[in-house]
Amino acid sequence: MIVNIMHRPASGQLYDMFRLQQSIAHELGLKTTIMVPYDFMLDARTVADVRADAERYGDEVGIWLGETTTEHLAQKVGCKEAFLWLLNKEAKQRVLREVLGKFREVFGYAPASFAAYHMDAYSLRLLKELCPQIKISVAGCFEEGVKVFHGCNNSWYLFNEGMPFAPWYPAKENSLRPAQNADDWCGVVAVPHLSRDLALSYEGRNDFFASHPANVQRAMANRGADAPYVLNLLDVYRFQERFNNGFSYTNVFVGPNWLYHSPNVQDCDEITQGLYREYLSYFAALREEGHLVDMHMSEFADWFVQNVLPSAPQIFDAKEILYGSGKDYIWYCDSEMRVTFDLCQGGSIGDLRPFVARQPRNTGADMPQKAYGSNPYVIHSQYRTGNAHHFSDGARTTLLVSNGCQTLGNL
């Protein structure tokens with residue numbers, strides 16, 4: 001399994017948490033990519049610390065574009081909308097030109113890695129056009145499940161369902177569709193923001209259940225410092241090597257705000273910080289056993305291009321490990337479709353997102369899709385009815401396949 005570990009600075013007391021995260025990774029000898037927000041490129045202490053870490057430990061330095069309304073960036077580009085994917089084309093150009101230009105000015109070179117919660121197709125193409133050195137981007141949050149919006153508020157508009165669950169080659173006209181070939185590819189390798197529990201991605205919510213120990217604490221899926229689910233989920237990802245020619249991938253990107261006085265975590269800071277250390281320590285232990293390779297972001301992009309073809313499918317056996325229900329789903333994704341098979345329902349298709357129409361998906365105020373960047377489903381049993389009714393109303397039979405008068409089967 002390959003892992004990318006990313007850290008990003010934050011202000012005030014949270015800066016100490018960023019330094020703690022860095023210290024843990026360095027103590028364990030793990031490769032780390034520091035994603036620097038625009039406003040922190042203007043902070044002398046942050047720049048000095050990041051440069052020192054890069055020189056001493058070899059950390060890669062990239063860009064984190066979480067929000068466009070932070071103090072200095074908002075003053076510079078005049079954006080009132082919080083996220084890049086909601087801006088019009090002209091505003092996206094202003095933001096990316098300013099952020100990339102400031103990085104070059106401060107660090108003296110162009111970045112190879114970039115990260116945002118979501119990068120629509122236009123933004124990803126523009127990023128590569130403005131900075132050809134960019135190799136990789138966190139390009140989608142992959143927050144799914146029929147209950148995923150239960151905990152949301154009106155500040156969070158992230159509609160990017162139907163995206164790949166593993167690293168992919170984004171298509172030029174739809175960043176959440178895997179490219180068919182090199183000509184269809186936008187030129188940037190994409191990875192999801194965190195690795196999610198794919199069993200809960202289907203019929204629950206995966207934003208609480210991911211490669212992020214504090215997210216699991218938010219879900220109260222731990223008992224204080226005892227949090228076996230966190231490491232068990234990582235082992236589920238390791239298991240996927242068996243279906244993908246020996247390749248599996250995960251990443252970690254925990255903001256410092258989760259480690260200090262987080263209102264979303266019921267445990268004390270000592271437990272939260274201890275779980276983060278335990279998580280990174282498990283990576284180090286797996287590496288020593290020969291089961292894991294830690295890479296910088298751009299290093300992984302190079303490996304991916306050399307070893308995985310754009311047309312290669314991704315397969316994931318998602319066994320439910322939190323509740324002990326025995327449920328099992330098979331996820332499959334390639335340039336033609338993303339499909340989920342429910343093995344507890346006779347292998348029926350529970351979720352089908354065809355990509356064959358090659359529909360463009362560009363979000364923004366001046367785009368037809370506006371905020372909606374999702375790849376829509378043709379079949380999704382959970383959205384059609386509830387679990388309690390499946391046994392009687394035929395909700396899992398959403399499509400009949402016929403030849404003339406003969407019904408060949410149902411899905």
Side-chain angles (χ1 to χ4, degrees), residues 4-23 25-26 31-85 87 90-119 123-124 126-139 188 193 251 253-260 296-299 301:
N4 288 146
I5 299 170
M6 292 168 275
H7 292 148
R8 60 182 184 265
S11 58
Q13 186 67 41
L14 297 181
Y15 190 79
D16 294 337
M17 295 300 100
F18 162 64
R19 297 311 301 165
L20 175 65
Q21 289 177 298
Q22 286 289 97
S23 175
H26 295 153
K31 291 183 177 179
T32 304
T33 301
I34 307 172
M35 295 300 193
V36 184
Y38 177 89
D39 282 25
F40 287 88
M41 298 178 199
L42 305 176
D43 181 73
R45 178 179 64 165
T46 300
V47 172
D49 286 343
V50 168
R51 283 176 172 165
D53 285 350
E55 291 173 5
R56 182 175 180 181
Y57 301 104
D59 292 353
E60 181 177 348
V61 184
I63 293 175
W64 166 244
L65 187 59
E67 296 185 14
T68 56
T69 51
T70 54
E71 180 182 359
H72 296 293
L73 183 57
Q75 290 175 357
K76 194 70 177 182
V77 300
C79 287
K80 296 182 180 181
E81 188 64 75
F83 301 110
L84 182 72
W85 64 86
L87 303 178
E90 191 273 333
K92 289 174 180 175
Q93 292 175 14
R94 290 202 316 271
V95 169
L96 288 178
R97 287 182 189 278
E98 178 62 27
V99 170
L100 291 166
K102 182 59 66 175
F103 186 97
R104 292 189 185 97
E105 175 188 326
V106 170
F107 293 105
Y109 57 89
S113 55
F114 192 91
Y117 289 118
H118 175 59
M119 291 291 285
S123 297
L124 211 49
L126 180 62
L127 177 67
K128 186 65 175 179
E129 176 186 326
L130 295 176
C131 186
Q133 294 88 348
I134 289 286
K135 297 180 179 181
I136 187 169
S137 178
V138 176
V188 178
H193 176 256
N251 64 39
F253 199 5
V254 178
N257 57 298
W258 289 95
L259 302 183
Y260 180 78
H296 295 126
M297 288 285 283
S298 64
E299 181 184 5

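- For R104, the side-chain contact (heavy atoms from CB on, under 4.5 Å) partners two or more places apart in sequence, or in a different chain, are L100, A110, C131, Q133.
- A 4.5 Å side-chain heavy-atom check between V99 and L73 finds at least one atom pair inside the cut-off.
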Next item on the list: Test side chain to side chain contact (heavy atoms under 4.5 Å, CB included) on V50 and F107 and set out the steps.
Entry: CA-CA 10 Å; V50 168; F107 293 105; 3.9 Å; yes
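- For A74, there are no side-chain contact (heavy atoms from CB on, under 4.5 Å) partners at least two apart in sequence or on another chain.
- A distance of 5.0 Å separates NZ of K135 from OG of S298, quoted to the nearest 0.5 Å.
- In this view, A115 and M35, W64, V138, F253 satisfy the side-chain contact (heavy atoms from CB on, under 4.5 Å) rule, not counting sequence neighbours.
- Under the rule for a side-chain hydrogen bond (donor to acceptor under 3.5 Å, both in side chains), K76 has no partner lying at least two apart in sequence or in another chain.
- Residues passing the side-chain contact (heavy atoms from CB on, under 4.5 Å) test with D53 are R19, Q22, H26, I34, Y57, D59, sequence neighbours excluded.
- L65 has its side chain within reach of L96: a pair of non-hydrogen atoms, C-beta onward, lies under 4.5 Å apart.
- Of the inter-residue distances, the one linking K92 atom NZ with L127 atom CG reads 12.5 Å to the nearest 0.5 angstrom.
- If you take OG1 on T68 and CG on L87, they are separated by 5.0 Å, rounding to the nearest 0.5 Å.
- Here the side chains of E299 and K31 are in contact, with some heavy-atom distance below 4.5 Å.
- Within the 4.5 Å cutoff, side-chain heavy atoms of Y15 are placed close to those of D49.
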Note to self: Please determine whether side chain to side chain contact (heavy atoms under 4.5 Å, CB included) holds for the pair N4 and T33, giving the CA-CA distance in whole Å, both sets of side-chain angles, and the decisive distance to 0.1 Å.
What the structure shows: CA-CA 8 Å; N4 288 146; T33 301; 5.7 Å; no
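- Note that the CD1 atom of I134 and the CE atom of M297 stand 9.5 Å from one another [nearest 0.5 Å].
- Note that CD of Q93 and CG of L126 are 5.5 Å apart. Values are rounded to the nearest 0.5 Å.
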Margin query: Is there a side-chain hydrogen bond (donor to acceptor under 3.5 Å, both in side chains) between D16 and Y260? Walk through the geometry before answering.
Written below: CA-CA 9 Å; D16 294 337; Y260 180 78; over 6 Å; no
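- With contacts defined as side-chain heavy-atom distances shorter than 4.5 Å, the pair H296/S113 does not qualify.
- With contacts defined as side-chain heavy-atom distances shorter than 4.5 Å, the pair R97/V77 does not qualify.
- M41 contributes atom CE, which lies 12.5 Å from atom NE2 of H72 (distance to the nearest 0.5 angstrom).
- Not one N or O on the side chain of H118 forms a donor-acceptor pair closer than 3.5 Å with the backbone of F83.
- In this structure, F103 and P111 approach most closely via the heavy-atom pair CD2-CD, 3.4 Å.
- Side-chain N or O atoms of T32 include none that pairs as donor or acceptor with a backbone N or O of A25 at under 3.5 Å.
- For the side chain to side chain donor-acceptor pair (under 3.5 Å) condition, the pairs that include at least one residue of residues 34-44, sequence neighbours left out, are Y38-E98, D39-T70, D43-T46.
- Between P256 and Q21, the shortest heavy-atom distance links the atoms CG-OE1, 3.7 Å.
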